[in-house]
Structure formats: structure tokens, C-alpha cells
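Reckoned from all heavy atoms, side chains included, excluding hydrogens, waters and symmetry mates.
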Amino acid sequence: MNYSLVVTVLMILLVIMGYFLFRPRVPIRLNRIFLALVTIATGMAAFEYAASRMNASAASRAPALWTVNLLFQIFYLSMSYMFFNFTVSYLDSRLLKRARLSVLAPAVYYPCLAILLSTPVTGIVFRIREGWRAGPLINMIFFNGIAYILFSTIAVLRHIRELGFFETASLLFLQAILLAGNLIRMLMPEYTVNGAFTLAALIVVFISFVNPDRYLAEQGYIFNLPALRAMLEENQRLRRHCRVLGFTIRNYSEHREIFGGRQTEEAMTGINRWLKESFPSMAAFYMRSGNFALVGENRPDMTAVREQVRERFSRPWPISGGELRMAVAFVEADTETLDTSGESLINTLMISLDEISRGDRHDESRSLTESLIELNRKLEIRQRLEKALDEDGLEVFLQPLVDCETGKLIAAEALVRLRDEAGRLIRPDLFITMAEREGYIARLGEQVLTRVCRFIRDHDMEAMGVRWINVNLSPVQFLSRDVPEAFARILAEYGVDEKMIHLEITEQSIIDFALLQDQILALHEKGFEFVLDDYGSGYSNLSRVRQYPFTNIKIDMEVIRSYCRNPDPLLPALVQAFREMRLSVTAEGIESREMAQTVREIGCNYLQGYYYSPPLPMKEFTELKL
Ligand code: C2E
Ligand code: MG
Ligand code: MG
């Protein structure tokens, strides 16, 4: 064998190993396997060289020949097995489940190893008798190698749809190199080039999969978000528990704006270094935008860790030309008490960190369990909402409005309802805000209006005493669609007169309504009437009320409630003012006969509230006697 080839192979292996060992490595299985691979490859190259020299030399003694040849073959067997383990581990980590082939893993390696170790007695693989002689199973190590290449290839091909092009190409290329190495060595044993093929395979693995740089944050040698994901997912898969302390710099983006990007980055680098030095037994992560995490696997005392971090942050961080003071907030999680996937743990962690960073929440520290419950609930609501919208599954309840003069039913308000899996009602404010944010509100609004129109078409409104139905309108609805067009179309479809529908807009939303004025006026021209909802809950402004074509004002139930508890001259004057502006007034949230009496006295026209009836399913509404 060529001496310079072995030296080259060994040198490159040492460089890779050195680079790998001196960089911080995420404590995951893939990294441990890679380290084992480099070690085995080094041993194999060294003993392959030693064996080929000594086998060719007449001066070699039998015990030495036995030792180097056995060791070379053991390393060779183990290496094929280890490459297979690497492929399976990688697939596990990517597909977040255990690849089925992993149970097959040891079925070839261990029998081969046993046969090899029996060789000094049986001479089955090779013999040392007046030098080295091949035995009947001399090609066993290659068959072992080819079997594992086959297993790996099958495993990769089975999951080819879930893998990206680059990963698939790298994994298959890896098998091709290994196969070529085995075949050449088997068919042409005089060319001991196997070390070079192994080296090429290791470089493919290194570049494509385990380069430590892909897991390092730019600032100061701690791990990044993909590293945290890899570690938590692996812990989850192997059912290993860990504790996580996430923390965030409060108002990080303001800090950046005030102090500039460079100074802030400098401070982050300082924090990262401090974390690494102060908590050597834990893995430290920096996930950009002032978010950090510490992960410990042996039930570390996270309260003490948190106090230590808090204490350090009570002092400033040095930066060039000054220092920076920053406040932190914490999120804690213990995977032992959390039943969730690594992925959703990360998502929740990031969302919670964002929330506490912006100061949406004022608690300095919170547990991830609560956030997770909240998040899961939100996800459930979203799924139910999407399903209801697709399947026309939203319900609309009706709540009566009562005429003060006659004490009889005069109208109704349509209130949308959504049920969760268990059939319980979900609070509308929860899913309506969500629908607004996620772009579903226009469809929701049209579905509600359709339901109401169908109800009007199918029932005798006059006999029921219902003169109109109030439908709530979200201002966000206007942004996505041509509402006047869509509403007119729905009404025409059911033959409903525009006068039957009164549209409620809340007072809070009217503040930024200038944009929507055209559509409101267009709707008004088509014949829809407008109601100002929840008056008194926002920045009430009488002059603004006059800019829009309202015909009715609904006084917010909190205002009514506080007046009934504690009458003052303000509300009567307000109602009076509205009436003088030719606006009718509805009092919301009437819960008792006394309240009804009180608001009637100050001049309200219509009353709505639990005292008369809660919102009812449409069928029950038709049976209502008022
Ligand atoms: P809102 O338009 O002010 O509706 C009145 C709310 O007060 C309803 O709550 C109703 O159930 C409740 N309520 C009625 N009488 C009483 C009472 O005597 N005491 C108390 N404590 N509450 C009473 P709900 O149904 O939970 O609706 C909440 C809000 O969700 C509504 O407030 C409205 O802004 C919005 N909303 C409901 N349906 C729709 C819809 O179809 N589209 C849009 N855009 N928003 C809707
Ligand atoms: Mg309303
Ligand atoms: Mg209201």
C-alpha cells in the first residue's frame, strides 16, 4: 500500500476530528455517531496500513499478525455498521419518528463480529500459518458492508418524499461511495484504497449533515435555534426529560433602535459568553432578537439559575464606549410535566418570549404549561372555525330587542356561535378576533348574513312582531371585499328587503373608519340602516357620531350597569341629546326588572338583555313569548 496515501488520509481525518472536537457541539446522537465514525475510520486506516505492510513481510511474528489483522477487520465491520446507524439516526431526526429498519440494525453486525472473533480458533476468515492466508469467509466484511449499504438505501428510498433533494442526494451519494470502496477492496485486494473512500464518505457526512457551524449562533459561540430544535426533538423522541429556561431582553427592538445594531450585537455576544462560562453543565442557546434559552438534562435547579441570570442583568453589560442596561423576563418549562412535541414546545417558547418581550404580559416569569394550554385552545378554535366556515357550520343565535312603549318584541340581534369538539360554545370574542386576524371575517360575516336572510325568508316576521334584525359588522370585513356588493347579492338571493337588516358597528372601531366611509355610505344608499354598538365603551365623541348615517345608538352594558347602581345626570342628558339628533337609543345588558324600569325612565327606546331573554337558537327564538 502506498505510504503517502495513508498519511494523507490520516492527516485529513485528524483535521476533521480536531475541528469537530474544538467547536461547541449540540449534545445530540448524530454528533456522537459522527465522532465515533471519525475515530473508527482513523483506526481502520492505521491498521489497514499496518496489516498490509506486515502481511507482506516475512519477518512478522504470528501474534503481531493476528492482532493487526483482527483489529483491521473489527474496525472495518464496525464502520459499515456505524455509517448505517448514522443514516438511520439522521432519518429519525428528520422524520421525528423511529425508522422501522432500526430493529434490523444489529442483525448482521453481531453475528459477523462473533464469526470474526472465532477466527483464531476456526481459521474461518483468515489464518496465520507461515504468514497470512485467506480463509473461506474472507469476504465476510464486504458482505456485511454491502448489506448495510442496502439497508440504508432502502431506508432513504422509503422516505424519499419526506426528504429534500439535497438530503436525498447526499445520503444516496454516501451509499454510492461506500459501495465503490467495498467493491474495489473486495475485487482488487492489492489496491488498499479503502481509507480514501471512507474519507470521502466522512467528508460528505461532515459537509452535508454535521458541520458544527450550522448549529452556532453568529454571536459568541453558543448554539442557535435549529440546535435547540434538534436537541428538544431528540429528547422528546427518546423520552429524555429536560428543563428549559427561556429568557428575553425586554423591548429588544427599541434597544436596537436607540443604541444601534452593532452595540446591541456586542452586548448579546457578551451575554452569550457569560452564559457559556456560568452554566457549563447546560446547553446555552441564542435565538436572535434578544431571545435566549438554557437547557439542562439532569434536573438542574432552574430557580437558582433564573436568580443568577436575574442578578447578572441587574448590572450593566459593557460595550465599546459605554455600557448597556437591559431588563429580562423568563419563561420556564419542564418536559416531564409537559406532554408535547419538541416542535410545539419550541413554537410556544418563541411565542411566549415574544409576548413577554413586548410587554404584552406583565408577569416577569411564566410557565410554559399555561401558554401551551392557551396555544392548543387557540389551535382548536382555529380548526373548528375553518371547519365551520367550510361546511356552513356556524350557528346564529337571536336575542330579542324589546320596545319600551309596548313592552313587546320588536327586533332581534343576530349573534354568531361556534362550538368546540365537545359541543360547548366558544366565546365569540375569541374566534371573532381570530377570524379578523387570519382573514376569515368576510366569509364569517357573509355566512351570518345568509343565515339571517334564510330565517327571514322562512318565517313570518310580521306575525312574530320582528320588524328588523341587527347584524354585527366587523370593520375588518370592509378591507377584504366589496361589502355593499356582496350584501346586496345575498339579500337579493333570499328576497329580503334591505330595511329588514340593521348593521351594527362598534364604537371602538369607528375611530379609524375614514377609510371605510365610502363603503358605509354605499351600504346606506342601498337601504341598510346603521347602528352604533357599545356606545360609551371607547372614546365616545358625539360629533363623530354625526359623520355617519346612524339611526340607532346602543349604550354599552357597562355604562347602563354603572348608571343603575349609581345614577348621575350624565346618561339622561346623553340619551336626550341622541333623541334630539333623531337617533333612537337601545339599552344593552338589561338583567332585571329594576334596570328595565330605570332606563325606560330616562328615555331609551329599546331594551336588550338577559331579563327578557339570552340569545337563543333560531328555533327557540320562534317559540318565544314576549
Ligand atoms: P355585542 O354586539 O355588543 O353583543 C351583545 C353581547 O352581550 C352578546 O355577547 C350577548 O350575548 C351579550 N348580552 C346580551 N344581554 C346580556 C345581559 O343581559 N348581560 C350580559 N352580561 N350580557 C348580555 P356575545 O354573543 O358573547 O357577543 C360578543 C360580541 O361578539 C358581540 O358584542 C359582537 O361585538 C361580537 N359578535 C357576535 N356575533 C357577531 C357576528 O356575527 N359578527 C361580528 N362581526 N361580531 C359578532
Ligand atoms: Mg352587537
Ligand atoms: Mg353591544
Side-chain angles (χ1 to χ4, degrees), residues 344 372-401 411-461 464 466 468-496 498 500-506 509 523 528 531 533 608 610 613-624:
S344 91
L372 207 67
I373 293 172
E374 220 171 90
L375 194 78
N376 282 341
R377 178 81 179 150
K378 275 191 196 151
L379 281 178
E380 190 199 345
I381 293 178
R382 186 168 156 177
Q383 278 168 1
R384 299 295 300 175
L385 181 63
E386 282 173 2
K387 192 160 177 272
L389 284 173
D390 287 345
E391 299 171 3
D392 203 19
L394 286 173
E395 290 175 55
V396 175
F397 280 26
L398 294 172
Q399 187 177 29
L401 269 72
E413 175 172 5
L415 294 157
V416 65
R417 293 291 182 262
L418 179 70
R419 289 183 194 276
D420 65 11
E421 208 79 52
R424 287 169 308 206
L425 291 172
I426 302 169
R427 286 201 351 241
D429 46 335
L430 290 183
F431 66 87
I432 284 175
T433 338
M434 181 181 295
E436 288 176 338
R437 239 184 256 151
E438 318 259 329
Y440 298 130
I441 191 69
R443 280 170 69 201
L444 182 146
E446 284 166 22
Q447 224 179 84
V448 171
L449 184 66
T450 309
R451 281 293 158 85
V452 170
C453 288
R454 204 182 295 154
F455 179 79
I456 295 175
R457 182 195 64 188
D458 295 345
H459 295 85
D460 186 347
M461 292 294 118
M464 277 163 58
V466 174
W468 71 85
I469 293 183
N470 283 7
V471 172
N472 290 283
L473 200 59
S474 154
V476 183
Q477 247 168 291
F478 288 117
L479 300 176
S480 62
R481 234 171 266 200
D482 187 358
V483 178
E485 202 86 319
F487 277 24
R489 202 180 30 143
I490 295 173
L491 265 69
E493 190 182 330
Y494 291 90
V496 171
E498 274 78 5
M500 284 298 293
I501 305 291
H502 291 190
L503 298 172
E504 292 193 9
I505 307 179
T506 63
S509 58
L523 277 166
F528 292 96
V531 175
D533 200 359
Q608 178 181 358
Y610 293 168
S613 165
L616 297 171
M618 287 178 162
K619 187 162 179 307
E620 285 173 41
F621 181 83
T622 57
E623 292 155 3
L624 194 68

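By the 4.5 Å heavy-atom criterion applied to side chains, Gln399 and Tyr610 are counted as neighbours. For the pair Val396/Phe455, no side-chain contact is recorded, criterion being any heavy-atom separation below 4.5 Å from C-beta on. Val471 places none of its side-chain heavy atoms less than 4.5 Å from the side chain of Met500. No side-chain heavy atom of Ile456 sits less than 4.5 Å from a side-chain heavy atom of Tyr494. Within the 4.5 Å cutoff, the side chain of Phe397 has no heavy atoms near those of the Glu620 side chain. Proximity of His459 to Met618: side-chain heavy atoms (C-beta onward) are nowhere separated by under 4.5 Å. Between Glu498 and Phe487, every side-chain heavy-atom pair lies at or beyond the 4.5 Å cut-off.
Shortest non-hydrogen contact noted between Glu436 and Ser474 is OE2-OG, 2.6 Å. Closest of all the heavy-atom pairs between Leu418 and Ile381 is CD2-O, 4.2 Å. Minimum heavy-atom separation, Phe431 to Ile426: CE2-O, 3.5 Å. The minimum heavy-atom distance between Ala486 and Glu446, with the atom names listed, is CB-OE2, 3.7 Å. Scanning both residues, Cys453 and Leu491, for their nearest heavy atoms gives SG-CD1, 3.7 Å. Contact between Gln447 and Gly393 at its shortest, heavy atoms only, is OE1-N, 3.9 Å.
Checked against salt bridge (charged side-chain N to carboxylate O under 4.0 Å, His left out), Arg417 has no partners two or more places apart in sequence or in another chain. With sequence neighbours left out, Glu413 forms a salt bridge (charged side-chain N to carboxylate O under 4.0 Å, His left out) with Lys554. A search for side-chain hydrogen bond (donor to acceptor under 3.5 Å, both in side chains) contacts involving Asp429 returns Arg427, not counting sequence neighbours.
For the atom pair Leu385 CG and Leu430 CG, the distance stands at 11.5 Å (nearest 0.5 Å). Here the CD1 atom belonging to Ile490 is positioned 10.5 Å from the CZ atom belonging to Arg454, to the nearest 0.5 angstrom. Atom CD of Gln477 sits about 7.5 Å away from atom CG of Leu444, to the nearest 0.5 Å. Of the inter-residue distances, the one linking Leu503 atom CG with Leu473 atom CG reads 5.5 Å to the nearest 0.5 angstrom. Of the inter-residue distances, the one linking Glu391 atom CD with Lys387 atom NZ reads 4.5 Å to the nearest 0.5 angstrom. Atom CE of Met461 is separated from atom OG1 of Thr622 by 9.0 Å, given to the nearest 0.5 angstrom.
The existence of a salt bridge linking Arg489 and Glu493 is excluded, since no basic side-chain nitrogen approaches an acidic carboxylate oxygen closer than 4.0 Å. Taking 4.0 Å as the cut-off between side-chain N and carboxylate O, Glu380 and Arg377 count as a salt-bridged pair.
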- [ ] May I have the step-by-step check of side-chain contact (heavy atoms from CB on, under 4.5 Å) for Tyr440 and Glu386, ending in yes or no?
- [x] CA-CA 8 Å; Tyr440 298 130; Glu386 282 173 2; 2.5 Å; yes

TODO: With side-chain contact (heavy atoms from CB on, under 4.5 Å) as the test, would you mind laying out the steps for Phe621 and Val466 before giving the verdict?
DONE: CA-CA 11 Å; Phe621 181 83; Val466 174; 4.0 Å; yes

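At least one donor-acceptor pair closer than 3.5 Å links the side chain of Arg384 to the backbone N or O of Arg419.
Ring geometry for His502 against Trp468 counts as parallel: the plane angle stays under 30°, on a 0 to 90° scale with 60° as the upper cut.
The side-chain contact (heavy atoms from CB on, under 4.5 Å) test with Leu398 singles out one residue from Leu415, Leu616, Ile469, Asn470, and that residue is Ile469.
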